[in-house]
Engineer: 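Provided herewith is a single structure, encoded as structure tokens, for subsequent inquiry.
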2 protein chains.
Amino acid sequence: MLVEERRSRILRIAEERGFVTLQSLVGELGASESTVRRDLEFLDASGQIQRTRGGASFIGDTQSDFDVRRGLASLEKQRIARRTAELISEGETVLLDGGTTTLEVARHLAGRSLQVLTNSLPIASLLMNRREIELIFIGGYVYPKTGVALGELSVTALQQIHASRLVMSTGGITSDGLFNSNQLLVETERQMIRAADRVTLVADSSKFGQRALSHLCALDVLDEIVTDDGISEEWVQRMEQSGIRMEVAGVERGSRRPSAALG
Amino acid sequence: MLVEERRSRILRIAEERGFVTLQSLVGELGASESTVRRDLEFLDASGQIQRTRGGASFIGDTQSDFDVRRGLASLEKQRIARRTAELISEGETVLLDGGTTTLEVARHLAGRSLQVLTNSLPIASLLMNRREIELIFIGGYVYPKTGVALGELSVTALQQIHASRLVMSTGGITSDGLFNSNQLLVETERQMIRAADRVTLVADSSKFGQRALSHLCALDVLDEIVTDDGISEEWVQRMEQSGIRMEVAGVERGSRRPSAALG
DNA sequence: TGGTAATGACTGATTCTGACTGAATTTTTC
DNA sequence: GAAAAATTCAGTCAGAATCAGTCATTACCA
């Protein structure tokens, strides 16, 4: 049986019964205790189940449009998310923008001792019951499609806070800078940039060369970009010439090349 | 049986009966006296039950994780919620406090054209995808147990907004006014009261005569209370003498008596 | 074929459990 | 009201269950 298949079976069983014992999974899956233990560890770290002594309980994701779309989070986005999470140190104060990729980042932050600030309802719901994470929600008008809080209230709230790092998503990126599709969103994100010491952009390679309705900011506000290995060498060089550190999350091969950091 | 499961069962039994003896739990759970004793100690330390000699009594209205996942609210709370929703007119701006009863109110608001303001993550998640509802989230430090945003950020946000009605929950109510268990929560709720024209309290009958850690406000800030028919006539009169309109949500029998409004 | 990821067996460490102890408290008896 | 009996309590202990981590082996991929 493949790893992925076994893990999704565990998830299904956990969802059905609310919680499962490790021993029952060993029996049903025919895998060893060590393997199942590792699977539970993985699923817990990614925020899909909650481990308890002797087993694990399912963490029910509310079925919303957003979650359905999230289920389709591409492999690229997951790789980007994992690499981004690796960049974040214990004890940091992280400001998380809304978006599917940042939600994946949030999953990988579960279990770590951090202060997380976000204006995304899905991210907040995900991290709400994590005792090790101090969660602060940036309120405002909740945009229905994505569950992100925007507008004047958000901007005012952001003026009162400060974070060591912003993890931001974008609708498109060109040499002119970043773009997004919503004017309210852009205003909120600008304030996020002001509130953070360091700006990390998560953007899959398809975003490069794309424009969108509203111009958000110039490239020079970015400190680093995490993207996938579909990006062209040309774009990497352009970004590095703008003083941005590039992290290319490719297929990982153990410790041989833990990071494609260039810059 | 797993630790979590056993403790959940103890909580459920305690909630059902109000008080349980240690010996009866030993019998029902099939665990040793030492183990049950340790469980009671744990649940007492986490504030979910109160130990007494020979057993323990249930305190607080926090539902166990089990019930939350099942989405269970008591019949009384559901009746209160439905009646409260009936009081709210189309187009109103409603400020919704956190709590299990207000969450039920939110369920009944779905499908109606309203502006909803809340500091509760569960409520926001519930209403997020409802296009007919304009949702505004009051941000702040997210209290883990309940998913309610509190603290300075919340207070500042509330200073910027205004609602036609506040639907508030409480830990206890006496002639001295309202009480709640958390100082941060109390401060946030006070600001909610200031932000609203009209204050509607939802409180099941068990809350009357109960006190809690922090005094929230006097009775005169309340405009109306929605409760269940377990309330004594004495309490109804006392409240009405304080100028509060009482809505008693009883067992409904068609349209025969749609409202037990007295006041 | 070489190298990496995944696996299962094993290890000592940690946590949980039930039995036991004497102390503290309540109830019964005189 | 005081002593005795019964009950409940907190704390200790050893055994059992579960845990995280290591290591050799196997499966898989380029």
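Convention: sequence-line order gives letters A, B, ...; per-chain numbering from 1.
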Engineer: Determine: side-chain N/O of B/R7 to OP1/OP2 of C/dC16, distance under 4.0 Å, yes or no.
Structural biologist: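 Indeed not, no polar side-chain atom of B/R7 lies that close.
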
Engineer: Would you mind checking if A/R165 and A/D197 are paired as a salt bridge, meaning a charged N to carboxylate O distance below 4.0 Å?
Structural biologist: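 Looking at A/R165 together with A/D197, the answer is no, because their closest N to O distance does not fall below 4.0 Å.
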
Engineer: Partners of A/A14 by side-chain contact (heavy atoms from CB on, under 4.5 Å), sequence neighbours excluded?
Structural biologist: A/V20, A/I49, A/F58

Engineer: Which whole-number value in Å describes the distance from A/E5 CD to D/dC28 P?
Structural biologist: 13 Å

Engineer: Given atom CZ of A/F42 and atom P of D/dA20, what is their separation to the nearest angstrom?
Structural biologist: 16 Å

Engineer: Distance-only, no hydrogens or angles: does the A/T118 side chain make a donor-acceptor pair with backbone N or O of A/S120 under 3.5 Å?
Structural biologist: yes

Engineer: Using heavy-atom distances to pick each residue's nearest nucleotide on DNA chain D, tell me which of B/S34 and B/Q23 is more 5'.
Structural biologist: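 Nearest nucleotide further toward 5': that of B/Q23.
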
Engineer: Would you mind classifying the nucleic acid contact of B/T52 as base, sugar-phosphate or nothing, using non-hydrogen atoms under 4.0 angstrom?
Structural biologist: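 Counting heavy atoms under 4.0 Å across all strands, the contact made by B/T52 is with sugar-phosphate only.
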
Engineer: Rounded to whole Å, how long is the line connecting atom CZ of B/R53 with atom P of D/dT8?
Structural biologist: 7 Å

Engineer: Establish, with yes or no, whether the OP1 or OP2 oxygen of D/dC9 is under 4.0 angstrom from a side-chain nitrogen or oxygen of B/R37.
Structural biologist: yes

Engineer: Rounded to whole Å, how long is the line connecting atom CD of B/E33 with atom P of C/dC20?
Structural biologist: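 Atom CD in B/E33 sits about 12 Å away from atom P in C/dC20.
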
Engineer: Is it the case that more than 12 heavy atoms not belonging to A/F208 sit under 6.0 Å from its CZ atom?
Structural biologist: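 Yes - once you tally the heavy atoms of other residues, nucleotides and ligands closer than 6.0 Å, there are more than 12.
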
Engineer: Given D/dT8, D/dA17, C/dG18, identify the nucleotide with an atom nearest to the side chain of B/S32.
Structural biologist: C/dG18

Engineer: Which residues pass the side-chain hydrogen bond (donor to acceptor under 3.5 Å, both in side chains) test with B/E234, sequence neighbours left out?
Structural biologist: B/R238

Engineer: Tell me which nucleotide among D/dT7, D/dC19, C/dT7 gets nearest to the side chain of A/T35.
Structural biologist: C/dT7

Engineer: For a quick test of reading the model: is some side-chain N or O of B/R51 closer than 4.0 Å to OP1 or OP2 of D/dA10?
Structural biologist: yes

Engineer: Rounding to an integer number of Å, can you tell me how far B/L22 CG sits from C/dT25 C1'?
Structural biologist: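 Nearest whole value for this atom pair: 15 Å.
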
Engineer: Rounding to an integer number of Å, can you tell me how far A/E41 CD sits from C/dA6 P?
Structural biologist: 13 Å

Engineer: Quickly work out the B/L25 CG to C/dT17 C1' distance and round it to whole Å.
Structural biologist: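 Taking atom C1' of C/dT17 as the reference, CG of B/L25 is at 17 Å.
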
Engineer: Once hydrogens and angles are ignored, does a donor-acceptor distance under 3.5 Å link the base of C/dG8 to the side chain of A/R38?
Structural biologist: yes

Engineer: Could you work out which one of C/dT17, C/dA24, C/dC16 sits closest to the side chain of B/R6?
Structural biologist: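 Looking only at heavy atoms from C-beta outward on B/R6, the closest nucleotide is C/dT17.
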
Engineer: Please state how far atom CD in A/E4 lies from atom P in C/dT7, giving the value in whole angstrom units.
Structural biologist: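 Going from CD in A/E4 over to P in C/dT7 covers 10 Å.
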
